[in-house]
Amino acid sequence: MSHKNFKSIEKTVFGRGSFSQLHEILAEKRHLNNGNMVFIVDAFFKDKPLAQQLPVQATDLVYFIDVDPHEPTTEQIDQLRDEILSTSGLPAGLIGIGGGSIMDIAKATALMLTNEGSSVQYQGLNLIKKPGVYHVGIPTISGTGAECSMTAVLTGPEKKLGLKCEWTIFDQVILDSELTASVPVDKWFYTGMDTFIHCIESRDGILNNAYSMAYGEQSLKLCREIYLGEQAGQSPENDDKLMVASLMGGLSLTYSEVGVCHALSYGLSKIFGEKHCYANCLAFQHLSDFYPDGVEEFKRMLAKHNIILPTGLSKNWSDEEITAMAHVAYNLHHMWNHAIGTNWKEKIDIRFIESLFRRM
Ligand code: NAD
Ligand code: ZN
């Protein structure tokens with residue numbers, strides 16, 4: 001068996017207010033290519049003070065992107081790449097400022113600036129031919145671990161699948177939890193639960209190991225303090241903790257794997273366009289036969305923060321839609337292998353996965 005040889009983020013700054021260091025960090029890279037920087041920023045910040053604090057120079061490009069209509073698509077990345085190249089050529093670097101969606105847009109665009117054709121042809125493992133441009137990730141909502149993962153998840157015409165390779169990893173990450181203070185409570189909950197679920201799924205499967213467990217256990221400890229502890233809730237201290245929990249949850253699953261909940265979540269996203277973190281929550285509440293203690297804790301977290309998830313959704317889904325979701329989920333073989341075991345195909349079939357969707 002060969003073991004994963006995982007590349008990490010090149011450089012990381014952690015600390016409240018560290019966003020102000022972006023200027024000096026970029027200054028060292030402005031000799032590259034045409035010397036311009038491209039800022040890709042969540043549209044939430046368009047009329048916020050942060051938009052005035054971007055270290056933008058005259059010929060830099062700034063894009064504010066609304067991530068709410070849909071998760072990042074291959075078409076969107078191709079268009080953005082074409083627009084950047086036709087406006088000013090190959091930039092020195094690219095900076096993503098936002099949530100998991102913006103992290104993925106930034107990673108994918110940085111790669112596609114130097115790789116020809118459509119991003120559709122690079123969805124998968126190690127298909128990218130050339131390193132992208134220098135890229136920086138600055139998360140503004142914590143939980144997905146997209147800041148440290150080696151994948152940029154895109155929805156294409158055929159599949160929802162990442163551009164996955166070593167060059168996807170950010171060269172630089174700035175973890176400034178002051179940027180997450182404005183996150184509304186529902187999004188704080190759903191995106192934070194992505195971390196919690198990453199850790200439970202990473203732990204409860206055959207690929208767990210001392211390395212993934214060490215990160216996962218520390219991340220779970222932080223999640224419990226943030227969502228169940230005496231000081232639970234949004235606060236500067238908990239915002240710091242959640243930013244670290246997100247990173248560690250991401251590192252845990254990188255060296256292990258996600259499981260049943262993520263497989264189902266991908267089905268919900270692909271067929272109904274549900275957002276990743278919310279889709280995870282919709283599925284996870286019904287998975288106590290796979291993750292008994294994880295689901296029990298999750299339900300206490302829901303109650304503590306007065307989050308009410310809809311149930312009875314499947315009544316409005318057609319048989320065709322449920323079958324289509326089950327196929328999307330089934331095809332994530334690596335997740336079932338981890339969660340159920342190497343003989344998972346003897347235990348799980350499309351009909352069974354359909355029955356999991358019918359619980360929702
Ligand atoms: P997101 O980026 O879609 O943002 C969620 C919402 O929060 C948006 O409405 C956004 O405008 C808002 N927001 C972000 N920062 C804010 C702030 N500081 N204040 C107020 N509002 C703010 O959400 P997400 O949950 O972080 O990411 C989900 C995406 O991440 C999905 O597309 C999923 O596929 C992807 N993902 C990628 C990986 C990976 O490893 N690459 C892992 C998990 C998820
Ligand atoms: Zn996730």
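Quick caveat, the model's predicted, so the values are computed rather than measured. Note that ligands are numbered from 1 as they come in the structure, with each ligand's atoms numbered from 1 the same way.
With 2.8 Å as the limit, C277 does not count as an N, O or S neighbour of the Zn ion (ligand 2).
Using the six-membered ring where Trp is involved, F170 and H135 have ring planes that are tilted, between 30° and 60° apart. In this structure, Y227 and F189 have perpendicular ring planes: the angle between them is above 60°, well past the 30° mark.
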Scan the side chains in residues 323-331 for donor-acceptor partners under 3.5 Å anywhere in the protein, sequence neighbours excluded, and list what turns up.
| unit_1 | atom_1 | unit_2 | atom_2 | d |
| --- | --- | --- | --- | --- |
| T323 | OG1 | D319 | O | 2.9 |
| T323 | OG1 | E354 | OE2 | 2.9 |
| N331 | ND2 | H327 | O | 3.1 |

Using distance only, find each side-chain donor-acceptor pair of residues 4-14 under 3.5 Å and give its atom names and separation, not counting sequence neighbours.
| unit_1 | atom_1 | unit_2 | atom_2 | d |
| --- | --- | --- | --- | --- |
| K4 | NZ | T254 | O | 2.9 |
| K4 | NZ | S256 | O | 3.0 |

Please list, one pair per line, the donor and acceptor atoms closer than 3.5 Å that link side chains of residues 41-56 to other protein atoms, with sequence neighbours excluded.
| unit_1 | atom_1 | unit_2 | atom_2 | d |
| --- | --- | --- | --- | --- |
| D42 | OD1 | F44 | N | 2.8 |
| K48 | NZ | F44 | O | 3.2 |

Ligand 1 polar-atom proximity to protein (N/O, under 3.5 Å):
| unit_1 | atom_1 | unit_2 | atom_2 | d |
| --- | --- | --- | --- | --- |
| ligand 1 | 2 (O) | G100 | N | 3.2 |
| ligand 1 | 2 (O) | S101 | N | 3.0 |
| ligand 1 | 2 (O) | S101 | OG | 3.2 |
| ligand 1 | 3 (O) | S101 | OG | 2.7 |
| ligand 1 | 3 (O) | K275 | NZ | 2.8 |
| ligand 1 | 9 (O) | D68 | OD1 | 2.6 |
| ligand 1 | 9 (O) | D68 | OD2 | 3.2 |
| ligand 1 | 9 (O) | K187 | NZ | 2.9 |
| ligand 1 | 11 (O) | D42 | OD1 | 3.0 |
| ligand 1 | 11 (O) | D42 | OD2 | 2.9 |
| ligand 1 | 15 (N) | T140 | O | 3.4 |
| ligand 1 | 15 (N) | T140 | OG1 | 2.8 |
| ligand 1 | 18 (N) | T140 | O | 2.9 |
| ligand 1 | 18 (N) | L179 | O | 2.9 |
| ligand 1 | 18 (N) | S182 | OG | 3.3 |
| ligand 1 | 19 (N) | S182 | OG | 2.8 |
| ligand 1 | 25 (O) | T191 | OG1 | 2.9 |
| ligand 1 | 26 (O) | G100 | N | 2.7 |
| ligand 1 | 27 (O) | G100 | N | 3.3 |
| ligand 1 | 32 (O) | E71 | OE2 | 3.3 |
| ligand 1 | 40 (O) | S149 | OG | 2.6 |
| ligand 1 | 41 (N) | D104 | OD1 | 2.8 |
| ligand 1 | 41 (N) | D104 | OD2 | 3.4 |
| ligand 1 | 41 (N) | S149 | OG | 3.3 |
| ligand 1 | 41 (N) | T151 | O | 3.0 |

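Between H305 and W188, the distance separating the two ring centers is shorter than 6.0 angstrom.
In this structure, the side chain of E257 does not engage the main chain of S202 through any donor-acceptor pair within 3.5 Å.
Rounding to 10 degrees, one finds that the Zn ion (ligand 2) sits at the corner of an angle of 90° between H276 NE2 and D194 OD1.
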